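Quick notes on the structure that follows.
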Amino acid sequence: SRGRRIWVRLTGQAQCNRDGHVVAMHGVLQDVTQSVHAQQASVAVTLRLGSTLASIGEAFATLDPQGCFTFINPACQILINSTGRQLLGQSIWLILDQAGGRLHKEIMAALAGDDVVVFEAFFPRLGVWLEMRAHPFDEGLALYLRDVSDRRQSQEQLLLLQTCISRMNDIVLITEAGSLNEPGPCIVFVNDAFERNTGYRREEVLGQSPRMLQGPLTQRNELDRIRLALENAQPVRAELVNYRKNGQRFLLELEIMPVDSLGRGLTHWIAVGRDITDRKAADDEIEHLAFYDALTQLPNRQLLLSRLRHALSQEHAHPHIGALMFIDLDYFKLLNDTMGHSKGDLLLKRVAARLLSCVRQGDTVARLGGDEFVVMLEDLGNQPETAKAVARTVGEAIRASLSEPYNLGGHAHHGTCSIGITAFSQHDDSIEDLLKQADLAMYQAKAAGRDGLCFFDPGMQAHATTQAALSVDLRQGLRDQEFLLHYQPQVGPVGAMVGVEALLRWRHPQRGIVMPDEFIAHAEESGLIMSLGQWVLETACNQLALWALRPETASLSIAVNVSIRQFRHPEFVELVMHAIKTSGIQARHLKLELTETLLASGLEVTIAKMGMLKEAGVTLSIDDFGIGYSALSNLKHLPIDQLKIDRSFVKDVLTDANDAAIARTIIGLAQSLGLGVIAEGVETDAQRDFLANHGCHCYQGYLFCKPLPIEELEVFMETL
Ligand code: C2E
Ligand code: CA
Ligand code: CA
């Protein structure tokens with residue numbers, strides 16, 4: 001139109017015949033130029049805008065009000081890993097499935113409002129965290145998307161790790177590696193457990209050297225080991241003595257790991273540790289219980305055996321000799337029975353301490369149980385004689401130390417011990433053999449009268465066998481009534497017989513008459529002395545009863561030897577009373593010969609028992625007086641009638657000035673205490689005269705008469 005190009009819209013209609021052929025047409029033309037131009041302008045804008053948006057580096061998309069993609073730039077297509085064709089017209093939440101529906105909620109909220117909405121969400125399908133900024137505009141939402149996975153991860157992990165480390169029960173300490181020497185590593189992080197455990201607050205330790213936790217008992221060698229590992233960038237485990245702020249010591253079990261936090265070599269050390277003071281103590285305690293005696297804290301049998309095994313197995317260029325010593329307290333059981341177990345325990349503890357003071361650092365003092373102690377000496381050189389001499393010296397020192405008086409909770413106690421020693425070297429017999437040997441030697445020391453020391457020699461093995469046989473024999477002898485009493489007269493001032501001492505004999509079917517020295521000690525040791533002693537007592541009482549019937553013998557007394565074990569028996573007094581009562585004798589005709597060892601311990605009980613016997617009228621004599629160690633001061637408290645001077649003093653009273661002095665002293669003592677005195681073992685007139693000159697007028701000995709069987713004694717009495 002007038003040379004102007006226009007856009008028209010043609011709307012036409014065709015007329016068709018029955019066959020469907022067009023026969024006529026009519027229509028309308030409409031000028032739509034203006035509308036088309038307007039649309040073209042808009043498309044141009046859109047296209048220009050689109051290319052601008054497409055060039056934006058940041059992922060960008062638009063959504064219509066229903067949340068369907070209307071535009072999506074290449075960066076966004078890459079980010080969400082889909083092409084525009086797949087995305088356009090699709091709703092965003094179908095494409096970006098997201099756990100928890102957060103996306104839907106946020107987008108709907110953005111569409112509903114006018115404000116920019118920013119949120120972050122994790123998209124499992126993409127495996128990333130996206131930050132979305134939704135700007136509402138007239139026709140929907142403009143959406144900017146950003147992958148924030150890296151930030152999210154590092155930030156979150158840091159937070160979590162920090163929380164986790166802070167809350168951990170283990171102590172965590174991070175130090176900057178620094179130079180290992182000056183100025184040294186410095187602490188850059190500690191957790192709550194560190195603060196709790198050490199008592200230091202974070203700000204007190206940051207920047208400091210971990211050395212601040214160390215102290216005098218921190219193990220230098222352990223530190224050196226750690227330092228060496230660190231220098232080689234090796235992880236290291238250690239148990240280190242550390243100190244809290246208040247100075248308290250604790251044992252830290254820790255693992256130190258090198259960290260290369262920047263990928264440029266070692267930057268930090270992370271130390272993770274636990275306070276194992278309690279656990280260690282518990283472990284130690286358990287070990288202690290298993291290997292140490294609870295009462296004395298000495299090694300027990302198990303530990304002794306293991307040390308012995310070790311001593312025997314050592315491979316030495318020059319084999320050395322060691323010694324095993326069995327130490328048994330004499331009459332310990334009596335102390336226990338009479339004074340109670342608490343005093344007994346106390347004594348065992350004291351003995352343990354004394355034993356330890358007698359040996360060198362490397363030697364072992366063990367307790368096997370009861371009153372049995374063992375000392376193992378090592379490295380006594382390689383000369384058997386020298387080694388033996390050293391062992392003897394130590395043994396004697398122990399013997400001397402253990403016989404010093406004890407103060408048991410205010411109660412004075414005097415005791416002795418018997419020691420058996422055997423030497424060993426690396427090529428020696430088995431452990432079991434060694435223990436047996438030392439035990440045998442100890443037994444030998446006991447049999448030899450206690451308070452002594454004895455070395456093992458192979459002959460003892462045979463002796464031990466004899467002893468074992470002896471027990472069986474003794475029992476059988478008692479049952480078969482193989483025992484009998486011999487009586488030895490005791491004479492008074494004018495040579496008149498005042499009584500007898502009953503002395504036990506054993507008529508052995510094979511060995512003939514066996515003397516008491518050969519079996520009394522064994523009977524005491526094995527406990528058989530109780531029945532044997534009771535038999536003696538009853539037999540003597542029966543003899544007294546018979547004598548009471550005849551005027552010429554009615555005034556005679558019988559002295560009965562009472563072994564200490566018998567006396568300590570709780571029912572001893574009753575048993576004596578019973579024997580007196582059933583025989584119907586006068587108690588004063590029964591004289592009990594008690595030994596001085598009774599006075600060594602358990603004095604109160606001894607005095608009480610003596611008191612009861614005395615009360616009943618029984619005569620009490622102290623046998624073998626002068627050879628023991630009784631405190632003379634105790635003597636005046638005892639309700640006794642007589643002291644008996646041992647034959648060992650009488651024997652040399654004329655030739656040995658010491659023995660003479662002792663005999664005189666005993667006589668003087670008896671006189672000053674108002675006690676009778678009798679001397680035994682008087683064999684010559686000269687001995688009798690010496691004693692008489694010093695005031696002892698009662699005697700017993702071969703000078704007058706040997707011990708005789710009852711029939712022979714009766715004959716002897718008729719000759720008087
Ligand atoms: P003991 O109580 O010191 O008895 C005195 C010992 O000296 C007796 O030895 C006796 O035979 C001996 N003897 C007597 N006079 C002389 C003498 O002039 N010279 C010498 N050298 N010895 C003389 P025995 O009978 O061998 O008794 C030894 C020990 O056995 C007794 O020593 C006593 O401790 C113990 N014993 C004897 N019988 C019994 C008993 O029935 N019960 C208990 N528990 N021990 C007894
Ligand atoms: Ca006697
Ligand atoms: Ca004697």
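Just follow the structure's listing: the first ligand is 1, and inside any ligand the first atom is 1. As the structure is a computational prediction, the values presented were derived from the model and not from experiment.
The side chain of Pro707, and not its backbone, has at least one atom closer than 4.0 Å to an atom of ligand 1 (non-hydrogen atoms only; side chain from C-beta on). At a heavy-atom cutoff of 4.0 Å, ligand 1 is contacted by no atom of Lys706, backbone or side chain. If you look at Val682 next to ligand 1, the close heavy atoms, those under 4.0 Å, all belong to the backbone. Residue Asn561 touches ligand 1 through backbone and side chain together, judged by heavy-atom distances below 4.0 Å. At a heavy-atom cutoff of 4.0 Å, ligand 1 is contacted by no atom of His486, backbone or side chain. When non-hydrogen atoms are compared, ligand 1 lies under 4.0 Å from the side chain of Gln488 (C-beta onward) but not from its backbone. At a 4.0 Å heavy-atom cut-off, ligand 1 touches Ile520 through the side chain alone.
The environment of CZ in Arg350 is crowded: more than 12 heavy-atom neighbours from other residues, nucleotides or ligands sit within 6.0 Å. The neighbour count for Gln297 CD, taken as heavy atoms of other residues, nucleotides or ligands under 6.0 Å away, is above 12.
Near Glu680, with a cut-off below 4.0 Å to any heavy atom, the atoms of ligand 1 are 3 (O), 5 (C). Contact atoms of ligand 1 toward Gly701: 15 (N), 18 (O) (distance under 4.0 Å to a heavy atom of the residue). Which parts of ligand 1 touch Glu501 is read off a 4.0 Å heavy-atom cut-off, strictly below it: atoms 2 (O), 4 (O). Taking a cut-off of under 4.0 Å to the non-hydrogen atoms of Ser563, the atoms of ligand 1 that pass are 44 (N). Each of the following atoms of ligand 1 lies closer than 4.0 Å to a heavy atom of Asp624: 3 (O). Counting atoms of ligand 1 from 1 in the listed order, those under 4.0 Å from a heavy atom of Glu683 are 17 (C), 18 (O), 19 (N), 20 (C), 21 (N). Those atoms of ligand 1 that come under 4.0 Å of a heavy atom in Val536, given as number and element, are 41 (O).
A side-chain donor from one of Thr296 and Asp293 sits under 3.5 Å from a side-chain acceptor of the other. Side-chain contact annotation: Ser471 with His522, donor-acceptor N/O pair under 3.5 Å present. Side-chain atoms of Thr606 and Arg568 include a donor-acceptor pair closer than 3.5 Å. With 3.5 Å as the limit, one finds a donor-acceptor pair spanning the side chains of Tyr331 and Arg450. With 3.5 Å as the limit, one finds a donor-acceptor pair spanning the side chains of Asp330 and Ser418. At a cut-off of 3.5 Å, with distance as the only test, a side-chain donor of Glu501 or Gln700 sits close to an acceptor on the other residue. A donor and an acceptor atom, one from each side chain of Glu538 and Gln534, are located under 3.5 Å apart.
Of the polar atoms of Gln566, none of the N or O atoms is found under 3.5 Å from an N or O of ligand 1, judged by distance alone. Polar contact with ligand 1: absent for Gln700 (N/O pair, distance under 3.5 Å). Residue Leu485 has no nitrogen or oxygen atom sitting less than 3.5 Å from a nitrogen or oxygen atom of ligand 1, judged on distance alone.
Here the CZ atom belonging to Arg475 is positioned 8.0 Å from the OG atom belonging to Ser531, to the nearest 0.5 angstrom. Summarising the geometry, atom CG belonging to Leu335 is positioned 11.0 Å from atom NZ belonging to Lys333; distances are rounded to the nearest 0.5 Å.
Here Asp623 meets the criterion, with an N, O or S atom under 3.0 Å of the Ca ion (ligand 2). Taking 3.0 Å as the criterion, Glu593 counts as a coordinating residue of the Ca ion (ligand 2), since one of its N, O or S atoms falls below it.
One finds no salt bridge joining Glu482 and Arg507 here, because no Lys/Arg side-chain nitrogen approaches an Asp/Glu carboxylate oxygen to under 4.0 Å.
For the Ca ion (ligand 2), the nearest N, O or S atom contributed by Glu501 is named OE2.
By the 4.0 Å heavy-atom criterion, Arg505 is counted among the residues contacting ligand 1.
You'll find the side chain of Thr539 stays beyond 4.5 Å of the side chain of Phe483, heavy atoms only.
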